[in-house]
Chemist: 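This is the structure I have questions about; it appears just below.
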Amino acid sequence: MTGEIRLRPITSAPLEVECVQPESFAQLGTQEIASLPVWIGRDVGQLGDFFAVTGERSTRVRIEGDASHLDALGAAMTGGTLIIEGNAGRALGRAMRGGQIHVKGNAGDLVGAPISGASRGMLGGEIVINGSAGADAGAYARRGLVVIRGNAGPGAARGMIAGTVVVCGDAASEAGVWNKRGTLLVMGTVDVGVTYRYACTYRPPIVPLILRSVGKRFGLPVNDRWITGVYRRFSGDLAELGKGEILQWTASA
Amino acid sequence: MSVGARVVPFVTCLGCGCACDDVTATVRDGRITDVANACDIGRRWFGDGSVPSVIRSGGQTVSLDRAIVDAASVLAAAHRPLVYLAPELSCETQRAAVSLADALHAMLDSVSAATIADALLAGQRRGRIASTLAEVRHRADVLVYWGIDPQHRYPRFASRFAPDPPGLFVGTARTIVAVDVGEEYGPRNADLRVRIAPDEERAALAILRALILGRPLGDTFSNDLMRRVSRLAERIAQGKYIVVLNEAEPGAHRRGDRADGLIALVEALNASTRAGMCTLRAGGNRSGADAVLTWQSGFPMSVDYARGTPRYRPDVGAMQLLEMRAVDIALIVGAPLELPAPVRESLQRVRSVAVGPRVSETGLGSEVAIDTGLPGIHEAGMAMRLDDLPLPLRQILSGPPLALDVIQSIDLRVRTAGADSA
Amino acid sequence: MSKARLRLRGGKLYDPTNGTSGTVRDVCIEDGRIVASLPDDAPTLDVTGMLVMPGGVDMHAHIAAGSVNQSRRLLPESHHPAGAPQLVRGNWLPRSGSDGIVPTTFTTGYRYAGLGYTTVFDAAVAPSDARHAHAELDDTPIIDAGFYTLLGNDAYLLHLLATGARDRARDYAAWVLNTTCAYAIKVVNPGGVELWKRNVRQVEGLDTPVGSDRVTPRVILETLADAANALSLPHALHIHGNRLGEAGNVETTLASMSALDGRRAHFTHVQFHSYETGWRSGARRVMEYVNAHPEVSIDVGQVMFGPAVTVTADGAVEYLLHKSSGKKWVNIDIELETGCGIVPYEYRDRAAVAALQWVVGLELFLLAADPWRVALSTDHPNGGSFLSYPELIRLLMDKPYRDECLSRVNPKLIAGSALVDGIGREYTLDEIAIITRAAPARLLGLTNKGHLGPGADADITVYAEGENAAVTFTSPRYVFKRGVMVVEEGALRRAPRGRRLYVQPSSDSAFRRHLKQWWSENATMAFENFGAGPLSDAPTEARGAAR
């Protein structure tokens with residue numbers, strides 16, 4: 001089944017490609033997509049100058065290859081699916097509102113973060129990263145889901161208003177700082193800050209739902225013990241509302 | 001007073017962000033011979049008022065008109081120009097420079113991106129709670145110096161604003177709280193001193209806010225940091241009008257979280273008492289650049305006009321573009337000597353045009369370099385104090401060309417050339 | 001030397017000041033002014049069938065200086081790119097900027113002119129920020145503009161009142177207006193801003209003491225209203241009363257109006273001050289008072305559904321809004337003078353209080369017996385952008401459309417309001433011309449604005465009349481600013497510099513010595529450096545109050 005649009009990067013020059021909006025591709029033919037505007041500095045080129053475009057009229061877009069030179073992929077995305085076969089650059093899914101992003105490699109800093117100076121990051125949608133993510137993944141999210149199969153850099157789930165960040169590996173320092181109502185789920189190690197309080201150890205019902213759903217839909221390998229295991233719940237950040245949580249997987253109760 | 005001396009009163013000093021405007025300059029034989037009331041930094045700022053007046057293009061000394069024509073043509077031919085606002089500019093010159101960046105479709109940035117950027121961004125995300133200097137002087141009963149002792153870089157702050165002069169609503173009864181963050185020490189005469197290691201700072205700010213909000217932190221008094229911060233919280237919260245002082249200039253342990261955490265702290269204090277922040281800044285009208293960029297473009301720094309309209313790009317500011325070698329020409333406006341070393345080094349690696357005080361002496365190797373006078377010494381106009389309030393700049397001496405005139409001439413030429421070729 | 005002349009031929013003229021309502025009459029322009037006639041060979045622009053009105057006059061908006069610029073800085077995410085206009089060759093440099101709820105300076109000028117507004121006042125500038133306000137207005141093209149300077153929470157005035165030196169307030173006000181080159185005196189939450197700085201968050205009423213029994217909101221209001229009238233300022237004291245945005249504040253609003261009984265006074269964004277206890281409309285009672293008191297004028301401060309940013313010197317109310325909305329918050333305590341509070345906000349038609357606010361504003365318009373004392377405003381950007389004026393005009397002119405909108409709003413708090421009870425009134429074009437230009441110009445004492453009689457500034461807006469008033473008023477076909485055609489065939493083509501509107505009353509020199517002494521003891525900037533410095537424009541010719 002074709003049913004998707006494929007973009008194969010021709011160059012590795014740093015680019016912002018705001019025109020890659022899966023939802024808006026539903027009505028566009030290959031030529032129309034290839035002639036969408038792409039700015040480099042003061043000049044405007046066409047998407048086809050930087051990508052070999054195949055496919056048409058679909059809300060499923062696949063970037064075939066490495067995209068670490070592309071910043072803000074899927075920014076402000078409202079729907080559809082964006083698949084990145086390689087790595088993604090910075091600010092993947094910045095201020096995303098809906099749809100799915102699936103990165104097969106790693107992602108840079110600021111996954112799902114706000115545009116500069118805004119107080120809200122992603123408002124909805126899902127970002128799934130098979131590899132690791134840089135700093136501040138899911139920062140200031142208001143809704144939505146970020147799943148990182150590998151490790152998360154510093155400040156994961158920073159300032160979350162709500163929403164969920166799942167880190168299957170380790171979360172680096174400052175995880176969940178200034179978190180208001182968000183949920184940070186960590187399977188590996190996490191340094192829980194002093195303004196979080198241990199609440200209990202339990203089986204959060206939400207965990208199997210999220211993991212099974214993501215595992216199935218994105219083909220993400222999920223360890224059964226994460227589903228059957230228990231989690232230590234820390235509530236915080238008490239420096240904010242204190243209504244958020246860090247859930248840390250523990251092998252046994 | 002000797003014959004031939006001229007006295008210019010109420011001169012505004014741009015030696016630091018305090019912008020003391022009670023300085024009286026005495027001029028003899030075209031030189032400033034005295035600046036009464038100025039501190040050491042102020043004396044250095046004014047000097048004797050002499051500045052170099054060299055105009056060079058392509059390594060040759062040329063006329064001003066020639067240099068302006070060359071600057072305009074170099075800039076107009078650029079593929080990805082950068083307009084960089086260094087300190088030591090009047091607001092009028094800053095306005096003209098933004099106009100030029102707009103005309104050039106340039107990346108526009110200022111020294112704020114290398115100094116106060118964290119605070120600007122945190123202030124945009126969380127908001128801003130500030131007190132201007134008269135409020136600090138007349139209301140503050142608790143002064144919290146967070147990693148700053150104004151004595152070093154703002155010598156008259158204490159005597160002009162706080163804590164020395166009596167406040168209308170507090171008299172002289174003030175509590176001085178010093179928070180030493182690593183090597184960034186608060187004032188020596190503090191009533192309470194708390195030491196925090198740089199890697200404890202973010203946690204300290206979070207604890208402080210949680211305590212102010214009355215959140216139950218549980219059994220935490222086994223924790224040494226918690227004990228120190230509790231003492232701090234207790235003392236601060238007793239204030240009726242608390243002012244938290246910090247500094248925008250790069251220190252030894254700059255961390256983005258400080259600005260964020262301090263705003264969060266001050267916000268929390270306002271639930272039950274009143275509190276504001278006062279962020280000290282270095283000289284040369286830095287606050288003015290933020291204000292001008294904001295009213296003309298909508299954004300205080302890192303504005304990309306590449307698409308013909310302003311775009312806010314603090315994550316891809318001048319420094320990153322220079323690092324990526326994306327810039328082919330930089331127009332440096334202002335005094336490059338006042339830039340942080342990394343910025344200067346980056347600018348050194350790119351072709352440039354420089355217009356500002358002492359640009360001929362900065363070793364940037366600019367293709368066109370036009371020395372200008374200094375704002376508030378040779379150029380009249382407006383500047384902003386560190387609390388964003390405007391002050392007049394008076395002309396004390398005549399001197400080299402004015403930066404405002406030069407930038408306006410380049411702007412006009414660039415725009416006319418653009419219209420002719422269109 | 002040839003004169004710049006133009007005859008606008010065949011338009012339907014709406015010039016309420018001169019008693020013209022829809023009459024087909026030529027308008028003659030010579031050297032930037034309206035003249036009675038022109039020679040037959042003067043150039044002509046055919047505007048047959050179009051509506052010709054004086055340029056719009058906005059007497060209450062926030063477009064320049066500290067608080068506005070802090071709002072711009074706070075909201076990078078709400079800015080949209082605004083391209084530079086395609087101007088014909090001239091002496092002006094077309095500038096790009098940002099659109100959105102608080103546009104940048106150049107864009108503000110372009111947008112107002114594009115809407116047919118040629119005169120705008122910023123309603124709140126801290127005296128110590130005056131120099132900055134003028135600098136921003138220098139970068140706001142086309143429109144003639146000025147500002148009101150904030151008094152009434154400043155330490156020196158409160159000191160005068162506390163020490164029984166109320167009679168010096170007139171000189172003080174004159175000095176502040178003079179040095180700041182302001183146009184009028186504005187008071188915001190009299191005494192309440194100072195109380196907020198002292199952590200007193202509620203002003204109970206007009207007799208709440210402000211640090212001294214001699215200093216109360218009532219005394220502040222009386223003192224400043226008297227000062228404005230004694231100085232024969234062209235505009236009355238411009239009053240943002242106590243208890244803005246609180247349920248039950250209509251009592252305070254009516255008490256404030258009564259306190260100034262018989263004195264010329266302008267109450268601003270009255271919509272925000274007209275709520276009965278329990279969040280009900282107080283518009284009926286307010287308009288009963290206003291209708292019966294010819295010395296009182298108001299502007300409405302209509303709320304329009306959509307994004308807004310609340311920006312005011314009234315810091316206490318912004319703190320409450322910050323806590324209730326969870327939105328980011330700016331508070332700046334300014335120099336023993338005033339304050340600044342900012343919270344971004346969105347008025348939703350499904351929200352009960354926002355729906356009530358929308359209803360209250362419309363009621364104030366629709367219950368007005370004398371539109372000459374009711375100016376159109378949204379308190380831009382507080383109730384909504386000035387760009388929503390055409391939509392507001394449609395709501396006033398088109399009852400079926402208004403009813404349709406009313407049926408969509410949250411009904412919880414609006415039962416029993418005059419609007420729900422069915423006010424049938426539809427504003428006529430003549431009345432729209434009154435509330436958008438003739439009345440504000442008259443209330444401001446601007447003798448050369450808001451009308452098209454001989455001698456008036458040739459600030460003229462020409463609309464192509466259509467079925468939908470919102471469309472008509474959104475894009476004028478032609479706009480003239482002092483005779484220069486700035487909008488041509490619906491497109492902005494010229495951007496001349498606007499002029500500054502300000503007054504220069506004089507104060508007593510003995511008083512100034514006294515002030516200077518206090519200043520040298522207490523101020524953080526030199527007395528000699530305070531204010532705006534000389535402006536290149538001459539002070540405004542304006543007519544002061546007779547009373």
Side-chain angles (χ1 to χ4, degrees), chain B residues 9-10 12 21-22 91-92 95 99 102-103 120 123-135 137-139 160-161 168-169 240-241 267 270-274 276 290-291 294-300 305 307-312 382 384-385 387-392 411-412 415 419, chain C residues 64 66 68-70 72-77 79 81-84 89 93 95-98 100 102-107 126 128-132 135-136 138-139 155 159 196-199 319 322-323 327-337 342-343 522-529 533:
Chain B
F10 310 112
T12 303
D21 69 336
D22 59 350
C91 287
E92 288 79 356
R95 284 155 72 184
S99 177
D102 188 4
L120 286 175
Q124 289 173 326
R125 211 164 43 234
R126 272 195 194 268
R128 178 161 188 233
I129 306 146
S131 303
T132 70
L133 292 169
E135 302 287 351
R137 173 181 159 184
H138 290 291
R139 289 187 212 278
R160 291 193 72 221
F161 310 122
L168 280 172
F169 306 109
K240 291 192 169 67
Y241 194 98
E267 193 273 346
N270 277 290
S272 54
T273 179
R274 287 304 322 281
D290 302 355
T294 303
W295 86 57
Q296 292 204 355
S297 77
F299 312 108
Y305 280 98
R307 300 181 187 181
T309 50
R311 226 160 45 109
Y312 191 37
M382 179 175 101
M384 285 188 173
R385 212 162 69 171
D387 59 0
D388 297 337
L389 288 177
L391 285 165
D411 188 20
L412 213 56
R415 286 171 182 268
Chain C
V68 173
N69 215 32
Q70 293 292 341
R72 294 186 188 110
R73 180 188 292 191
L74 180 68
L75 298 168
E77 70 275 28
H79 298 330
R89 288 290 287 276
L93 313 177
R95 295 295 306 276
S96 73
S98 290
V102 195
T104 47
T105 52
F106 289 94
T107 304
S128 60
D129 201 36
R131 190 178 301 273
H132 171 198
E136 285 201 27
D138 283 345
D139 281 351
H159 161 74
W196 159 239
K197 294 177 186 175
R198 300 178 187 198
N199 199 27
Y319 181 75
H322 159 60
K323 289 319 256 187
K327 298 273 175 65
K328 52 192 177 182
W329 171 54
V330 166
N331 184 85
I332 305 178
D333 292 338
I334 302 171
E335 213 62 5
L336 299 189
E337 283 179 349
I342 306 169
V343 175
N522 295 298
T524 62
M525 58 179 76
F527 189 75
E528 289 73 7
N529 285 337

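Just so you know, these numbers use all the heavy atoms, side chains as well, and skip hydrogens, waters and symmetry mates. Order of the sequence lines fixes the chain letters, A, B, ..., with proteins taken first and strands second; residue numbering starts at 1 for each chain.
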Chemist: Is His159(C) in contact with chain B via its backbone, its side chain, both, or neither, using a 4.5 Å heavy-atom distance?
Modeler: neither
Chemist: Output the option from Arg95(B), Met382(B), Arg307(B) having the highest count of non-hydrogen pairs under 4.5 Å with chain C.
Modeler: Arg95(B)
Chemist: In terms of side-chain heavy atoms, does Thr294(B) have a donor or acceptor partner in Asn69(C) at a distance below 3.5 Å?
Modeler: no
Chemist: As an exercise: rank Pro392(B), Ser131(B), Pro9(B), Gly308(B) by heavy-atom pairs under 4.5 Å with chain C and give me the winner.
Modeler: Pro392(B)
Chemist: I'd like to know if the side chain of Asp102(B) and the backbone of Ser96(C) have a donor-acceptor N/O pair within less than 3.5 Å.
Modeler: yes
Chemist: For Glu77(C), is it the side chain, the backbone, both, or neither that has a heavy atom closer than 4.5 Å to a heavy atom of chain B?
Modeler: neither
Chemist: Tell me, for Tyr312(B) versus chain C, whether the close heavy atoms (under 4.5 Å) come from the side chain, the backbone, both or neither.
Modeler: side chain
Chemist: Return the option, out of Ala135(C), Gly97(C), Gly83(C), with the maximum number of heavy-atom pairs under 4.5 Å with chain B.
Modeler: Ala135(C)
Chemist: For the side chain of Asn529(C) and the backbone of Leu391(B), is there at least one donor-acceptor N/O pair under 3.5 Å apart?
Modeler: no
Chemist: Give, for atom CD1 of Ile334(C) and atom CD of Glu135(B), the distance between the pair rounded to the nearest 0.5 Å.
Modeler: 8.5 Å
Chemist: Taking all non-hydrogen atoms of both residues, which atom of Ala291(B) and which atom of Arg73(C) are closest, and how far apart?
Modeler: N-NH2, 4.2 Å
Chemist: Tell me, out of Leu74(C), Ile342(C), Leu93(C), Leu75(C), who's got the most heavy-atom pairs with chain B below 4.5 Å.
Modeler: Leu93(C)
Chemist: Identify which part of Asp411(B) has an atom lying under 4.5 Å from any heavy atom of chain C, answering side chain, backbone, both or neither.
Modeler: side chain
Chemist: Against chain C, label Ser99(B) side chain, backbone, both or neither, depending on which of its atoms sit under 4.5 Å from a heavy atom there.
Modeler: both
Chemist: As an exercise, state the distance from CG of Asp388(B) to CG of Asp129(C), rounded to the nearest 0.5 Å.
Modeler: 8.5 Å
Chemist: Tell me, side chain or backbone of Arg137(B) under 4.5 Å from chain C's heavy atoms, or both, or neither?
Modeler: side chain
Chemist: Please classify the contact between Ala523(C) and chain B as side chain, backbone, both or neither, with a heavy-atom cut-off of under 4.5 Å.
Modeler: backbone
Chemist: Would you say that more than 12 heavy atoms from the other residues, nucleotides or ligands in this model lie under 6.0 Å from the NZ of Lys327(C), or not?
Modeler: yes
Chemist: Starting at CE of Met525(C), measure out to CZ of Phe10(B) and round the result to the nearest 0.5 Å.
Modeler: 14.0 Å
Chemist: If you count heavy-atom pairs within less than 4.5 Å of chain B, which of Phe527(C), Trp196(C), Phe106(C) leads?
Modeler: Trp196(C)
Chemist: Give, as side chain, backbone, both or neither, the part of Lys323(C) having an atom under 4.5 angstrom from any heavy atom of chain B.
Modeler: side chain
Chemist: If I measure from the heavy atoms of chain C, does Ala271(B) come under 4.5 Å with its side chain, its backbone, both, or neither?
Modeler: both
Chemist: Check step by step if side chain to side chain contact (heavy atoms under 4.5 Å, CB included) holds for Asn331(C) and Arg274(B).
Modeler: CA-CA 11 Å; Asn331(C) 184 85; Arg274(B) 287 304 322 281; 3.1 Å; yes
Chemist: Minimum heavy-atom separation for Pro81(C) to Thr309(B), with atom names?
Modeler: CB-OG1, 3.2 Å
Chemist: Under a 4.5 Å heavy-atom cut-off, does chain C meet the side chain of Arg125(B), its backbone, both or neither?
Modeler: backbone
Chemist: How far does SG of Cys91(B) sit from CG of Asp139(C), to the nearest 0.5 angstrom?
Modeler: 10.5 Å
Chemist: Just one of Leu389(B), Asp387(B), Thr132(B) clears the side chain to side chain contact (heavy atoms under 4.5 Å, CB included) bar with Ser128(C), so which one?
Modeler: Leu389(B)
Chemist: For Pro300(B), which atoms come within 4.5 Å of any heavy atom of chain C: side chain, backbone, both, or neither?
Modeler: side chain
Chemist: Go through the atoms of Ile129(B) and report whether side chain, backbone, both or neither lie under 4.5 Å from a heavy atom of chain C.
Modeler: both
Chemist: What part of Thr12(B) is in contact with chain C, defined as an atom under 4.5 angstrom from a non-hydrogen atom: side chain, backbone, both or neither?
Modeler: side chain
Chemist: Under 4.5 Å heavy-atom distance to chain C, tell me which part of Asp22(B) shows up: side chain, backbone, both or neither.
Modeler: neither
Chemist: Once rounded to the nearest 0.5 Å, what's the spacing between atom OG1 of Thr107(C) and atom CD of Gln296(B)?
Modeler: 10.0 Å
Chemist: Decide yes or no on side chain to side chain contact (heavy atoms under 4.5 Å, CB included) for Arg198(C) and Lys240(B), but give the supporting numbers first.
Modeler: CA-CA 8 Å; Arg198(C) 300 178 187 198; Lys240(B) 291 192 169 67; over 6 Å; no
Chemist: Taking it one step at a time, do Arg128(B) and Val330(C) satisfy side chain to side chain contact (heavy atoms under 4.5 Å, CB included)?
Modeler: CA-CA 5 Å; Arg128(B) 178 161 188 233; Val330(C) 166; 4.0 Å; yes
Chemist: Under 4.5 Å, counting heavy-atom pairs only, tell me which of Phe161(B), Phe169(B), Tyr305(B) racks up the most with chain C.
Modeler: Phe169(B)
Chemist: Quick check for you: among Arg131(C), Gln70(C), His322(C), Arg72(C), which has the greatest number of heavy-atom pairs under 4.5 Å with chain B?
Modeler: Arg131(C)
Chemist: Before you tell me yes or no, could you show the steps for Phe299(B) and His79(C) under ring pair (Phe, Tyr, Trp, His ring centres under 6.0 Å), namely the whole-Å CA-CA distance, both residues' side-chain angles and the distance that decides it to 0.1 Å?
Modeler: CA-CA 9 Å; Phe299(B) 312 108; His79(C) 298 330; 5.1 Å; yes
Chemist: What are the two closest heavy atoms between Leu336(C) and His138(B), and how far apart are they?
Modeler: CD1-CD2, 3.2 Å
Chemist: Would you name the heavy atoms of Ser98(C) and Ser297(B) that are closest together and state the gap between them?
Modeler: OG-O, 2.7 Å
Chemist: Looking only at heavy atoms, what is the nearest atom pair of His132(C) and Met384(B), with distance?
Modeler: CG-CE, 3.4 Å
Chemist: Name the region of Ala82(C), side chain, backbone, both or neither, that has any atom closer than 4.5 Å to a heavy atom of chain B.
Modeler: backbone
Chemist: Provide the closest heavy-atom pair for Arg160(B) versus Thr524(C) in the form atom of the first, atom of the second, distance.
Modeler: NH2-O, 3.0 Å
